Structure formats: structure tokens, C-alpha cells
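This report concerns only the one structure given below.
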Amino acid sequence: MNKIVIENLDLYYKDFKALKNVNLTIPEKEIIAFIGPSGCGKSTLLKSLNRMNDLVEGCRITGLVTLDNKNIYTDIEINMLRKRVGMVFQKPNPFPMSIYDNIAYGPRTHGVKSKAKLDDIIEKSLRDAAIWEEVKDRLKKSALGLSGGQQQRLCIARALAVQPEVLLMDEPTSALDPISTSKIEDLAVELKKDYTIVMVTHNMQQAARISDKTAFFLLGEVIEYNETEKLFSMPKDKRTEDYITGRFG
Amino acid sequence: MEAINTQSFMSKLKSFKSNPFSAILFILVMFATTVTFLTLVFLVGYILVKGIPNITWKLFEWKYTTENASLMPSLINTIVMTAISLLIATPIGIFSAVYLVEYAKRGNKIVGLIRVTAETLSGIPSIVYGLFGFLFFVTTLKWGYSMLAGAFTLAIMILPLIMRTTEEALKAVPDVYREGSFGLGAGKLRTVFVIVLPAAVPGILAGVILAIGRIVGETAALIYTAGTIAQIPDLMGSGSTLSVHMYNLSKEGLYMNQSYATAVILLIIVVVINSISGFIAKKIAKE
């Protein structure tokens, strides 16, 4: 089943056309990887899926994006959309508050007040993000005291705490060391049982290792979109082949 | 064992021989630092030496009389004046800064105008504020010389200061916090009040401390608006703060000793306020 459908999407920053006629379907409970050189529009497209681009001044979008067949720009209230389509950012960005409050922020935003229920959500989210064992004794301590890799998993837990359906990950491991990176990759594979995951990555091995489907972007266009295995073993487009064999980018 | 990465004073001198310009610069910066430091030490020391012997219990009696120039009424007025001015100016200043940083579009012309206005306002001599307060609050609104007229005048005076420092503090809050909050489906209001403002509190408090400094040290604006009577008035009565009181005591040269004693108390108040605010800022930053 298709979770997200993108049709004829164009995106402009003022006069610059950053995305050109993008058409993509994102199936449910799979990992989709966006790859491509810097500035090719993959992060921009990701941010269009939960309307984070609305915060960018001078950004204009045309076309259609649907979540479960509903237009995300007209038929879904923006905060509800962002609850359903969670996001993990490139740089870990825990709030300057305790680990507990970081995770509780989302549920509290959406009206969960009971302490017992919050406790449950927090334990479950932290367990799902594979960081519970490391932080369970210091929930009241500041989240800023965690290492970079822990902070990123905390941010994943924070995103999970609002029970999203889709998880957008914008180069979630680019600021992390190899061990933290592999933890996050394992986690992503684990999470796709319950969530649809869209991940932007600069790391082609990462895309090859964990994603089910991969889209290759170049200069604002989707050049090729296919099963990851096929895209990496026999790319149809010459440009895709050049990129994945490291001839440019 | 001796550390190998330290430089003895002698070897430093030697290195200057080959590089005389560096030596001159070194002497210059040391000299400047010493002058700055000694000025402060001399000033504070002078006031303490002159003032401390004159601090007596009589100075803290409730009533001011010509025989006993008690500073107690002024001390209480200072605290009241500070509290009312801050109560008026802090919320308005913080909220206007929130509008400028969080709500107004970047590059908005009106925002630029407001910013220039605020900067100009903070550069105006305080006696001009005093004159305005006199003409508007005291005369036009018929409040007379009163604590309230003084407090409103001071509030106007510190408003741009609080707004500007809060604005800078809000701008210093990383955008990734806002993104993180919006990304979880939180609205603007919640993002600003739960995430951004708490993160900006240390910066905001720094502005409030500066504002307190200006209130406590203000004389010109208050002489015109709150008057100079050394009594504990109600809000619509005239009363002098410590600074004004000092001015009164010293202007005729009759109560110089009491004036020095008042200066010591003023100094202590400022130090106490600063350390309390610093303590609060640290406490909040830790949480």
C-alpha cells in the first residue's frame, strides 16, 4: 500500500527552481533512501513531506502530496500532519531540558497529561529507540549531557513518542561516529516493522545496506527510483551509474 | 617534575629582546588593565573608607528628620521603585521582543523602524525622560510628584533596554530547537513559551540586571517626577530613592558623612541584586 504519493511537485526558493516535476510513491512500512550529491534537492523534498518548508521564507510549492490519499497541504491540519509524519534532523537537537521532558514534550503537546501514561510512553519510546538501558537511571538529567550518538537516538525516541506513522530522517548519521551510525542503522531496520521511513543520506553504502527502495536525485530531479538492489546492481540511467560508482558527486 | 610547556618570566623577557614591538604591546595592555582595575579599587575603597565609619543604627530609623538623616525611607523607596518599574517594563519589553523575533517577518520595514527607535531611545539622556515624565505624568495626568509617576518614567526609560537584550537573547536560541518543536506538531505559541523563552532566560535576566542598575542609579529623571522628599509615601506620594537621597544630602554639603554612608549601602544593594540575579540565571540554565 502506498503511504505517501507525490505528484508533479515543483518547488521554488524565490526564483530558483529547487525541485522539478517530482513523482514518487512511498510504500508503507519500508525504508526509502534519497541519495544524490549536495544541493540536489533531496532534503528539500523530505521537508516538503511534513511541511517544514513552510518555515522558509520565499518557498513556493506546486503539485500534490498525499498521505493516505489526503492532500497534506489542504486536507490535514498542519500540526496533526507533523504529529503523523515525524522528523529526525541532521544534527541531534535535543531541547535544553531533562531527558524525560524531552520525550514528554510531544505527547504533552498533544494533550497527554497523566503521569502514569507519560511514564509508559517515555519508557516505550526510549526502548524502541534502543537507548533505554543507557539513560533509565538519569531521566531527570539534562539531555545535553549525552553523547552525540545518544542525543540522536534520544531525538528518534522523541519523534516516536507522538506515535507517528512516517519517520523522516534527514542525514541522521552524518554527524555521528561509525559505532553510533551502525546503532542507528540497526534501529531503522527494526523500526520499519511499525513505521514508514524516508531517509536522506550521503552515504551510499548506508542506502544499500538498509533501504528497500532508493531514489537518486540530481539537480532537483528524480533521475531514477527503484528497488535498492536493482538500482545499485543494474542502474538504468547512465548518470545513476556514474554517481554510484563514484565518478562524480 | 617541571612542566615543559611553561615559560619562565626570564625567558619571556629574553624573547622580547628579539621582538621589541611585542614587548611594547605587552607593556601597553598590562598598563591598561592595571589602570582599569586600580580605578575601580580606588573608587570602591574610597567610598568604603569614607562611608563605613559613618554607618550607624540611627541611619536605619524609620523616620527622616533634620537631626537624623535616616536613609531607611529612601532604601524602601528604591526597592519599591525598582519593583514597580520592572513590573511595568519587563512584560512589555519581553513580549515586544517576542513579536520582533518570532512573529514579524524577517526584513520587515516596520521591525527595522522599531529597532532604530529603540536604539535611539536608549541613547537619550535621562533628564529628557525626566522632563517628559514631569510634563506628562506629573502635570498633564495630574499625578503630582509621585512614586507612580517616577516608576512609569523609569519604565519607559528601561523598556528599550529590556526589549533589545531580550531580542538578542531570543535570536541566540538556535533555530534547531524551533524546528524540533514544530516537527513534533507543536504550534507557535507552545514553541515560543515552552522551548524558546526558557532557553533565552539567562540573556533576558542579564538585560533585567542592567535595567535594575539604571533604576537604582537614576537621579535626574526622578527628581522631576517622584520628587525629593525623604519619606515612605503611598504610590501617589512623593518619595526619594537612595540616589536622589544622596544627591539631596550632598548638594548643600551639610550631610557629607551620611551621604558617604548612603553610597556604601547603595553599593551593597547593587552587589546583592547582581549576585541574586546571577544565581537565578545559573539555576535556570541548569534545569
Side-chain angles (χ1 to χ4, degrees), chain A residues 46-47 49-58 76-98 101-111 125 140-145 151 154-164 167-170 175, chain B residues 94 97-112 114-115 166-206 278-287:
Chain A
L46 193 77
K47 284 181 183 158
L49 302 182
N50 68 342
R51 297 184 60 179
M52 288 305 271
N53 277 329
D54 290 21
L55 303 173
V56 182
E57 239 165 88
I76 303 177
E77 197 264 326
I78 185 160
N79 292 332
M80 190 42 73
L81 171 75
R82 289 180 182 153
K83 176 188 178 301
R84 291 172 63 187
V85 183
M87 186 154 199
V88 177
F89 297 84
Q90 185 171 0
K91 255 180 78 188
N93 60 345
F95 301 132
M97 44 175 87
S98 73
D101 288 334
N102 257 281
I103 312 289
Y105 182 78
R108 280 178 181 148
T109 300
H110 299 285
S125 312
K140 295 286 170 200
K141 294 253 170 68
S142 167
L144 301 181
Q151 287 189 3
L154 180 81
C155 290
I156 294 175
R158 189 176 68 188
L160 296 180
V162 294
Q163 295 164 310
L167 206 53
L168 307 176
M169 298 176 132
D170 188 1
Chain B
I94 291 178
V98 166
Y99 170 75
L100 290 183
V101 179
E102 306 292 334
Y103 286 89
K105 277 196 175 158
R106 279 177 201 178
N108 187 327
K109 283 211 177 102
I110 295 175
V111 171
I114 293 175
R115 207 162 282 151
T166 305
E167 205 188 335
E168 292 308 317
L170 290 174
K171 276 192 201 157
V173 175
D175 266 338
V176 293
Y177 290 167
R178 296 183 181 88
E179 282 177 4
S181 174
F182 289 135
L184 288 166
K188 189 114 201 176
L189 200 67
R190 190 168 162 78
T191 303
V192 169
F193 282 91
V194 183
I195 302 291
V196 180
L197 267 181
V201 161
I204 296 173
L205 264 178
F279 178 75
I280 295 173
K282 249 188 211 152
K283 202 97 202 252
I284 292 172
K286 244 187 200 164
E287 271 177 13

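What you are looking at is a predicted structure, and each value in this text was computed from that prediction instead of being measured.
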| Closest non-hydrogen atom pair, A:His110 against B:Leu184 | NE2-O, 2.9 Å
Is there a side-chain contact between [X] and [Y], using heavy atoms and a 4.5 Å cut-off?
| X | Y | value |
| --- | --- | --- |
| B:Ile195 | A:Met97 | yes |
| B:Pro198 | A:Phe95 | no |
| B:Val176 | A:Phe89 | no |

| message | Is A:Arg158 close to chain B through its backbone or its side chain, or both, or neither, when contacts mean heavy atoms under 4.5 Å? | response | both
| Which atoms of A:Pro164 approach chain B - backbone, side chain, both or neither, heavy atom under 4.5 Å | neither
| message | Does atom NZ (A:Lys141) have a neighbourhood of more than 12 heavy atoms from anything else shown, all under 6.0 Å? | response | no
Mind checking the [atom1]-[atom2] spacing from [X] to [Y]? Nearest 0.5 Å is all I need.
| X | Y | atom1 | atom2 | value |
| --- | --- | --- | --- | --- |
| B:Glu179 | A:Met52 | CD | CE | 5.0 Å |
| B:Thr191 | A:Tyr105 | OG1 | OH | 4.0 Å |
| A:Asn93 | B:Arg178 | CG | CZ | 12.5 Å |

| request: Look at A:Leu168, A:Leu55, A:Leu81 and state which one has the largest set of heavy-atom pairs under 4.5 Å with chain B. | output: A:Leu55
| query | Residues in salt bridge (Lys or Arg N to Asp or Glu O under 4.0 Å) with A:Arg108, at least two apart? | reply | A:Asp101
